[in-house]
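Inspection log for the structure reproduced underneath, given as structure tokens.
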Amino acid sequence: MKNYEWFDAARFGMFIHWGVYSMAARYTWVKSHEKMTDEEYDRYVRHFEPDLFQPKVWASLARRAGMRYVVFTSKHHDGFCMFDSKYTDYKYKQKDLLREVIEAFRAEGMRIGVYYSLPDWHHPGYPHDKRHPQRDIPGVGNAALYREYLHNQVREILTNYGKIDLMWFDGSYPETGYIWDMPRLSAMVRELQEDILISRLPGYEDFSTPEQTIPQQGLFNADGTPQHWEGCQVLHGEWCYIRDKHWKTVPELIQMLVRHTSRGGNLLLNVGPTSRGALDAHTVSLLNGLGDWMEWNGRAIHNCCGAPAEFPEPEGCRYTWNAAKKTLYCHFFCWPDRRIDLPNLAGKVDYAQLLCDGSEILFKENLDGNINGPAVPPVGSLRLALPVSSPENCPVPVIELFMKE
Ligand code: GLC
């Protein structure tokens with residue numbers, strides 16, 4: 001039995017891209033983009049000194065933002081390990097960074113996910129494929145050698161750190177898929193951690209992971225049943241810390257979270273700590289902004305999914321739905337004038353309130369067309385009477401509609 005229960009209820013997780021590439025502060029793929037040799041890239045390895053590394057601070061910010069799980073980069077494509085592997089010296093040697101991250105997030109009650117890159121631009125067995133920094137120099141590598149290394153490291157991660165809830169592989173392309181031996185790799189993962197969810201191992205993954213895009217209508221299997229999915233998104237245009245960036249805003253991020261939940265998906269929102277291990281002030285303020293909103297509106301996200309199809313969303317709004325509590329949440333991306341008509345909800349709602357302050361929202365309903373007058377709601381719809389201006393300090397206001405039994 002795959003453990004989707006926590007995953008679907010969580011809806012919001014923190015992705016952390018952190019490694020020696022954070023020092024370049026240009027892009028995660030700096031070694032490949034700039035075709036750096038190992039010797040050139042080594043300046044980062046030599047000078048990496050995360051003296052401000054405080055995973056407890058990351059974890060408490062994530063918790064307060066309403067996040068329920070973390071996915072941490074144990075090794076990115078550059079091959080540098082942020083965990084203590086006995087199979088390589090190409091790692092941070094002073095402490096086991098992965099262990100400290102896991103312990104800090106676990107202490108906050110969060111589920112634990114580990115990102116592990118399948119490609120490795122440092123291991124001599126890894127072929128010079130078209131994304132490799134040394135792609136201009138032929139190199140077929142030694143797939144068997146690298147495969148053993150990769151399997152050994154994944155075994156370490158899934159053996160040495162207690163319960164891991166999610167294994168997030170990355171970087172499998174059709175032309176490199178032969179390297180990993182996916183049937184054996186996935187079997188080992190499930191054997192070592194029986195409840196685990198696997199991501200991005202083509203053919204063996206448990207959910208889909210759209211990246212920097214949000215499916216308009218959610219994701220469905222061929223038979224029409226909804227898929228489990230998780231969109232991974234960035235705060236600015238890159239995964240790792242970069243110095244020059246254009247940020248998304250708190251209202252955009254809240255809307256992003258609602259757009260995932262309302263289509264039955266999770267948002268894995270990325271942060272990129274600085275090379276010294278700190279979250280920069282702007283990231284902290286965005287997380288706090290999300291936390292402020294989640295504190296008052298979190299119940300419209302956690303344990304929620306999209307609304308039943310019989311309730312189409314009014315323009316400018318997204319619905320989320322708590323099926324166990326039969327409660328519908330209407331999220332306003334722009335605030336309407338005075339009133340809004342919600343199709344097909346006449347006769348179905350017991351009570352309505354603004355979620356942020358729990359204040360009553362009065363409504364009228366037109367059940368069968370027998371109300372007369374110039375301004376009646378369309379037949380079948382429920383008309384909410386709204387305050388003239390949207391609630392203060394609430395970038396995305398939510399109205400909570402308790403349905404009749
Ligand atoms: C893409 C990027 C990779 C990043 C990943 C996160 O695959 O190439 O660098 O880690 O997205 O989802």
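We count residues from 1, following the sequence as given. Whatever order the structure lists ligands and atoms in, that order sets their numbers, starting from 1.
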side-chain hydrogen bond (donor to acceptor under 3.5 Å, both in side chains): which pairs involve residues 53-63, sequence neighbours left out? none
Look at atom CZ of Arg46 and say whether more than 12 heavy atoms of other residues, nucleotides or ligands are closer to it than 6.0 Å. yes
With hydrogens left out, which residues have an atom under 4.0 Å from ligand 1, given that only heavy atoms count? Phe15, His17, Trp29, His76, His77, Tyr115, Trp168, Asp170, Arg200, Glu211, Cys232, Trp239
Ring geometry between Tyr115 and His76 (parallel below 30°, tilted from 30 to 60°, perpendicular above 60°): parallel
Do Asp84 and Lys95 meet the salt-bridge criterion of a basic N to acidic O distance under 4.0 Å? no
Which residues satisfy the side chain to side chain donor-acceptor pair (under 3.5 Å) test with Ser262, sequence neighbours excluded? Arg318
For residues 253-292, which residue pairs qualify under ring-ring contact (aromatic ring centres under 6.0 Å, His included), counting only residues two or more places apart or in two chains? Trp229-His260, Trp247-His282
